[in-house]
Protein chains: 6
Amino acid sequence: MSRVDGRENNELRKVEIIPNYLMHAEGSVLISIGNTKVICTASIEERVPPFMRGGGKGWITAEYSMLPRATEKRTMRESTKGKVTGRTMEIQRLIGRTLRSVVDLEKMGERTIWIDCDVIQADGGTRTASITGAFVAMVLALQKLVENKKAKILPVTDYLAAISVGVGEEKMPLLDLNYIEDSNAEVDMNVIMTGSLEMVEIQGTGEEATFSRQQLNALLDLAEEGILYLIEAQKKALGPVIENIRKGENL
Amino acid sequence: MSRVDGRENNELRKVEIIPNYLMHAEGSVLISIGNTKVICTASIEERVPPFMRGGGKGWITAEYSMLPRATEKRTMRESTKGKVTGRTMEIQRLIGRTLRSVVDLEKMGERTIWIDCDVIQADGGTRTASITGAFVAMVLALQKLVENKKAKILPVTDYLAAISVGVGEEKMPLLDLNYIEDSNAEVDMNVIMTGSLEMVEIQGTGEEATFSRQQLNALLDLAEEGILYLIEAQKKALGPVIENIRKGENL
Amino acid sequence: MSRVDGRENNELRKVEIIPNYLMHAEGSVLISIGNTKVICTASIEERVPPFMRGGGKGWITAEYSMLPRATEKRTMRESTKGKVTGRTMEIQRLIGRTLRSVVDLEKMGERTIWIDCDVIQADGGTRTASITGAFVAMVLALQKLVENKKAKILPVTDYLAAISVGVGEEKMPLLDLNYIEDSNAEVDMNVIMTGSLEMVEIQGTGEEATFSRQQLNALLDLAEEGILYLIEAQKKALGPVIENIRKGENL
Amino acid sequence: MSRVDGRENNELRKVEIIPNYLMHAEGSVLISIGNTKVICTASIEERVPPFMRGGGKGWITAEYSMLPRATEKRTMRESTKGKVTGRTMEIQRLIGRTLRSVVDLEKMGERTIWIDCDVIQADGGTRTASITGAFVAMVLALQKLVENKKAKILPVTDYLAAISVGVGEEKMPLLDLNYIEDSNAEVDMNVIMTGSLEMVEIQGTGEEATFSRQQLNALLDLAEEGILYLIEAQKKALGPVIENIRKGENL
Amino acid sequence: MSRVDGRENNELRKVEIIPNYLMHAEGSVLISIGNTKVICTASIEERVPPFMRGGGKGWITAEYSMLPRATEKRTMRESTKGKVTGRTMEIQRLIGRTLRSVVDLEKMGERTIWIDCDVIQADGGTRTASITGAFVAMVLALQKLVENKKAKILPVTDYLAAISVGVGEEKMPLLDLNYIEDSNAEVDMNVIMTGSLEMVEIQGTGEEATFSRQQLNALLDLAEEGILYLIEAQKKALGPVIENIRKGENL
Amino acid sequence: MSRVDGRENNELRKVEIIPNYLMHAEGSVLISIGNTKVICTASIEERVPPFMRGGGKGWITAEYSMLPRATEKRTMRESTKGKVTGRTMEIQRLIGRTLRSVVDLEKMGERTIWIDCDVIQADGGTRTASITGAFVAMVLALQKLVENKKAKILPVTDYLAAISVGVGEEKMPLLDLNYIEDSNAEVDMNVIMTGSLEMVEIQGTGEEATFSRQQLNALLDLAEEGILYLIEAQKKALGPVIENIRKGENL
């Protein structure tokens with residue numbers, strides 16, 4: 001029994017990360033995971049939010065959005081609605097929180113990195129693609145700080161990638177769900193892990209069904225496979241910068 | 001090594017659920033878990049949101065709020081700010097989604113249950129207390145439908161309760177974190193389970209640290225203990241209605 | 001001819017004021033007047049709004065809200081609507097204005113007291129119950145200032161209570177209207193008075209009819225009876241603090 | 001001891017009501033009371049708000065605003081702020097409510113009258129000038145209904161006018177306070193009365209002081225004088241239409 | 001073939017500019033162009049927006065609004081809608097931008113002039129009437145600065161007026177379109193010029209048709225005629241102040 | 001004297017239009033004009049706005065936005081601000097209005113085309129690039145209607161393109177200003193023309209200076225050159241569809 005697009009259960013879609021995609025941002029990528037395409041940028045602002053001022057630590061915050069026609073049916077813009085949806089807020093809080101977990105905020109200095117993830121085409125897994133791409137954009141921006149002598153060391157302690165897993169029909173655990181699979185999944189889980197396969201965040205939801213401890217373990221096994229593969233793609237996009245990440249692992 | 005309030009690591013705070021706490025709502029409780037106190041109400045509206053009309057199925061949606069002085073420092077009202085925060089949206093989406101997982105929406109009929117969780121005093125675990133209390137309020141409201149001959153059977157397929165677990169200092173897994181413990185926890189996880197100890201949702205975050213598969217398992221073991229205890233408290237509050245839930249388990 | 005709940009025309013509903021109802025607020029009460037129940041808190045903030053800074057005077061401001069299911073039919077939250085209704089604004093302006101009239105703002109020092117009145121169950125008279133309860137919560141908070149040596153004297157110059165009166169069917173003047181009476185009243189008046197029975201504010205509206213000078217006087221006579229009774233309930237809730245109010249009367 | 005502008009205590013400022021001031025509105029006036037100038041329009045819409053549909057009754061609603069430079073210091077526009085202030089809401093609710101008290105909503109037919117009061121120059125008493133002017137604009141619009149055979153009779157049961165009174169320095173009761181007097185008043189009261197001197201609404205506030213029953217009576221005596229004078233000015237502006245109001249008094 | 005109101009193609013409607021129309025504003029006019037009537041005020045604020053602070057230059061900004069019943073059908077207030085429409089924003093940006101082009105912002109000093117244009121009656125050409133009137137109000141306010149010794153010289157470099165032109169039916173170019181003509185125009189153009197007939201801004205739109213270079217020239221010829229006439233009306237309203245403008249022309 | 005990027009005064013930057021850039025939209029392009037890059041999509045909705053229902057005519061409306069880091073300094077999202085800026089509103093009204101001028105709305109049928117222009121990288125001329133790209137996306141979407149037999153004929157009456165021109169330093173007229181040139185321009189003009197070089201809209205502003213009739217003519221000459229070149233690029237992107245546009249020219 002094969003998947004809608006012919007993949008194996010533990011097979012990722014094609015992953016491509018184009019670094020330095022835009023001219024103005026300190027760090028930027030276009031990440032494609034199958035038909036899901038996200039522009040991720042990292043912008044450095046030389047101050048932190050009011051509640052952190054004077055603490056000597058940096059901050060990382062994220063915003064996420066979809067172009068109206070990233071989706072099959074046009075979605076109304078949040079600027080037109082005048083408010084950001086709950087789904088968007090959940091996603092941007094998730095992106096910011098998980099990226100902060102692999103950065104040494106003190107070594108980064110009292111500045112903010114604004115992460116922007118704009119989905120230009122959506123086919124499932126946009127939040128996990130955003131995290132995976134944003135990690136690369138963020139490292140590129142932090143590397144600029146090193147190059148400009150604003151930071152002594154790249155303040156990144158580990159890799160970070162994210163992937164979706166889920167329980168499809170006939171109870172099969174699946175890696176990297178596309179939109180159709182995601183819509184039909186009984187259980188849907190997003191897993192964010194470091195390069196050492198420690199979990200940073202897991203969010204699992206039984207949309208149509210509940211799930212057992214055994215199923216949870218099968219999903220986490222799949223996620224580990226996917227994360228390792230994504231980190232390889234990140235390394236390829238980062239090129240020589242990965243040497244600096246290696247140094248940061250001892251922070 | 002004991003906890004700030006002298007509890008054992010696997011010990012819940014005192015749980016109390018007062019049913020029928022308010023006169024107007026179809027279902028209502030005041031739930032206290034330690035110093036955390038939440039008024040949960042369930043209101044029946046005889047129609048569903050536009051996107052569901054004519055489908056013959058019911059809907060359950062939730063709103064969550066805190067009184068300004070539920071917290072140690074006064075929090076500005078969201079009505080005054082003119083918008084609902086991302087944290088509130090996450091919580092109310094979670095409450096609605098998990099409650100729907102134990103209700104047979106077709107048997108419930110084309111109507112909406114509005115769940116309102118208003119925290120009057122906060123000391124950690126307000127979202128899990130809200131879910132645990134809201135389940136009881138919801139069952140009381142659905143029971144009214146049975147009594148008024150609007151539903152033939154109580155359309156509830158299982159119990160539902162929620163609890164927080166976390167990794168405290170010195171890597172100790174802890175059950176039911178109060179506010180101080182939650183603020184210091186390295187890992188924070190909310191677990192929502194049914195009466196049969198199937199997972200409906202898990203959300204685990206390494207705020208200050210990452211966590212391993214082994215730690216995850218230790219936390220889930222604690223959560224199962226807590227959930228079973230909370231369901232006993234729910235049964236006590238529901239009284240004879242639990243007989244109807246028993247019937248629903250075969251739905 | 002008796003009233004819907006059997007009371008005499010000049011009879012208040014049962015009044016109960018539970019002081020120190022919540023753990024975090026500097027002052028708090030749960031006030032019940034019949035089935036109307038309001039949680040009132042007073043929070044001290046050690047600064048004043050921008051327009052008052054440096055003037056050496058304090059400020060008192062109030063917010064009012066209803067839980068969605070305080071009412072017979074669920075009311076949409078103002079945070080969800082994204083704006084505060086005109087009715088809410090009128091009430092919170094009234095609460096703040098009348099409380100300020102019995103406080104010596106200079107002796108209070110340059111700080112703000114935030115009053116929050118959250119109606120958890122409504123059966124008529126929620127704004128007058130809010131004022132009556134908020135007075136007690138405010139005094140409890142101000143007393144904390146005295147105890148913490150932040151104020152030399154309790155800066156309260158008199159008691160303050162509020163009651164509704166109205167002209168019911170057959171032109172009968174009534175004290176303390178419940179929801180059904182309020183809905184049917186031809187004239188509706190809220191009277192806020194001090195312990196010396198001076199008026200702080202009166203607001204009288206002929207919803208369905210106009211009213212004469214003679215009727216106005218009959219209503220004010222009733223209101224005076226009610227106010228005296230409410231102040232007794234406030235004194236009981238305040239306990240020994242009333243000694244300090246007595247001193248303030250000479251401010 | 002005379003007033004800042006030399007008036008007697010019971011003397012109104014100069015009153016002028018120009019009827020049919022604008023070309024598009026069904027009814028309109030420019031009312032001047034001293035330096036306070038308000039454009040009042042009445043617009044007829046051939047439907048009622050959703051909550052009244054099918055009831056056969058009409059509705060009257062009001063909006064109030066100030067030009068930014070009606071005041072001594074420029075006031076920010078409410079459209080720019082994105083929200084209507086509490087003060088504005090209080091005033092427009094008051095205008096609508098009091099006008100409805102002298103109209104037979106059933107005889108008016110199922111349509112809405114929108115009253116707009118736009119203050120172009122403010123010198124105290126803008127809300128009472130608005131009500132007094134809006135009454136004339138509303139009668140002119142209703143008269144159009146009679147002329148167009150949409151109503152059989154002018155559905156107005158009495159005159160309606162509004163005036164401010166207050167307690168000034170040295171405890172003097174004053175009629176028709178201008179801005180300076182209003183700012184210094186210890187007690188401020190708005191009185192809305194019919195042509196038969198029945199009260200429709202009174203709102204009295206001790207901003208800086210409380211007030212006694214005796215003071216209340218002195219203020220109401222002054223208000224009655226003012227109301228009678230204003231109704232004469234309304235009659236002059238209405239011209240022959242007053243004959244139709246006379247007929248309506250028996251409704 | 002004559003126009004709906006009998007005018008010649010190159011004939012303006014009756015123009016009247018009443019200076020010092022309101023008592024509080026530093027500068028104000030009521031401008032009437034036919035039935036279009038706009039109150040324009042200029043208010044001086046002794047500071048500039050944050051982005052200009054410390055630069056030693058002044059700023060001019062404008063707001064535009066219509067009374068709800070300025071129009072044939074009542075228009076909902078933007079304060080009630082909670083947002084300013086795109087049309088309003090376009091107009092107020094245009095007013096501010098064009099006025100700034102004839103003021104020497106450095107000589108004006110670090111302060112802001114707020115222009116408010118409130119249309120009390122609309123019959124086409126409200127934005128051009130606003131600019132023409134606002135110029136006079138602005139000069140009157142700047143003249144106050146000279147009189148109060150806050151500016152050494154009137155910092156106005158030229159006159160500024162605005163007029164609409166358009167292509168009507170049968171391809172006729174028309175000057176100063178009223179509402180009916182504007183609704184039927186194939187091409188609609190607003191031209192803002194200085195006293196030396198230099199263009200400050202042109203905005204031409206083929207609503208129902210496109211237009212050629214030749215038509216553009218015919219429209220600009222008409223506009224020049226109208227601008228010269230409007231400047232005469234401005235001079236009449238300004239009286240002796242025009243002497244100061246003459247001096248500014250050499251700035 | 002050459003331009004900052006070495007171009008001739010009448011030289012466009014490199015133009016590239018990639019058709020069918022996204023998988024979900026009925027029509028889409030990525031247009032690059034120099035470093036300015038805009039994703040334009042056209043989405044068909046099978047209904048029109050309420051004010052047009054039942055009229056048998058179609059509607060075209062546009063939305064415009066910039067990614068936060070399209071610009072050199074990060075711009076706050078309008079969804080975060082909760083409102084759309086005046087600049088954005090002006091641009092999206094312009095895009096919609098000009099596209100409608102070359103479409104036969106009756107032949108298009110009662111449906112809406114939503115145009116979305118999202119600037120992913122900005123270097124001047126984003127609004128004109130948006131119009132030029134949106135024309136192609138719109139034609140591609142309309143062509144789908146023809147292919148799906150929903151329209152008998154491609155309802156496009158002419159090409160449409162837009163370009164900026166301006167007066168640079170030393171009074172030189174320039175074609176296609178990049179960001180630096182635009183910031184320094186004394187006069188800035190956007191010209192939107194059809195394939196037959198008729199004007200659809202011109203908007204010329206003297207930001208720092210005024211301009212004469214002669215300068216206007218020089219700018220329009222340049223614009224004509226640019227428009228013709230852009231239409232060639234549109235034809236190349238449209239490929240065989242241009243045959244259908246040729247037929248529409250006789251509509």
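Only heavy atoms go into these numbers, but all of them, side chains included; no hydrogens, no water, no symmetry mates. Protein chains get the first letters and strands the later ones, always in sequence-line order, with residue 1 at the start of each.
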Which atom pair, heavy atoms only, marks the closest approach of B:G206 to A:S101?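 Nearest heavy atoms, B:G206 then A:S101: O-CB, 4.5 Å.
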
Which residue pairs pass the ring-ring contact (aromatic ring centres under 6.0 Å, His included) test with at least one member in residues 52-82 of chain B, sequence neighbours excluded?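 Sorted pair list: B:F51-B:W59.
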
Toward chain B, the part of A:T205 with a non-hydrogen atom under 4.5 Å: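 Both the backbone and the side chain of A:T205 come within 4.5 Å of chain B.
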
Enumerate by number any residue of [range] whose heavy atoms lie under 4.5 Å from heavy atoms of chain B; in the absence of such residues, state 'none'.
{"range": "residues 78-98 of chain A", "result": "A:V84, A:T85, A:G86, A:R87, A:M89, A:E90, A:R93, A:R97"}
{"range": "residues 209-221 of chain A", "result": "A:T210, A:F211, A:S212, A:R213, A:L216, A:N217, A:L220, A:D221"}
{"range": "residues 195-204 of chain A", "result": "A:E198, A:M199, A:V200, A:E201, A:I202, A:Q203, A:G204"}

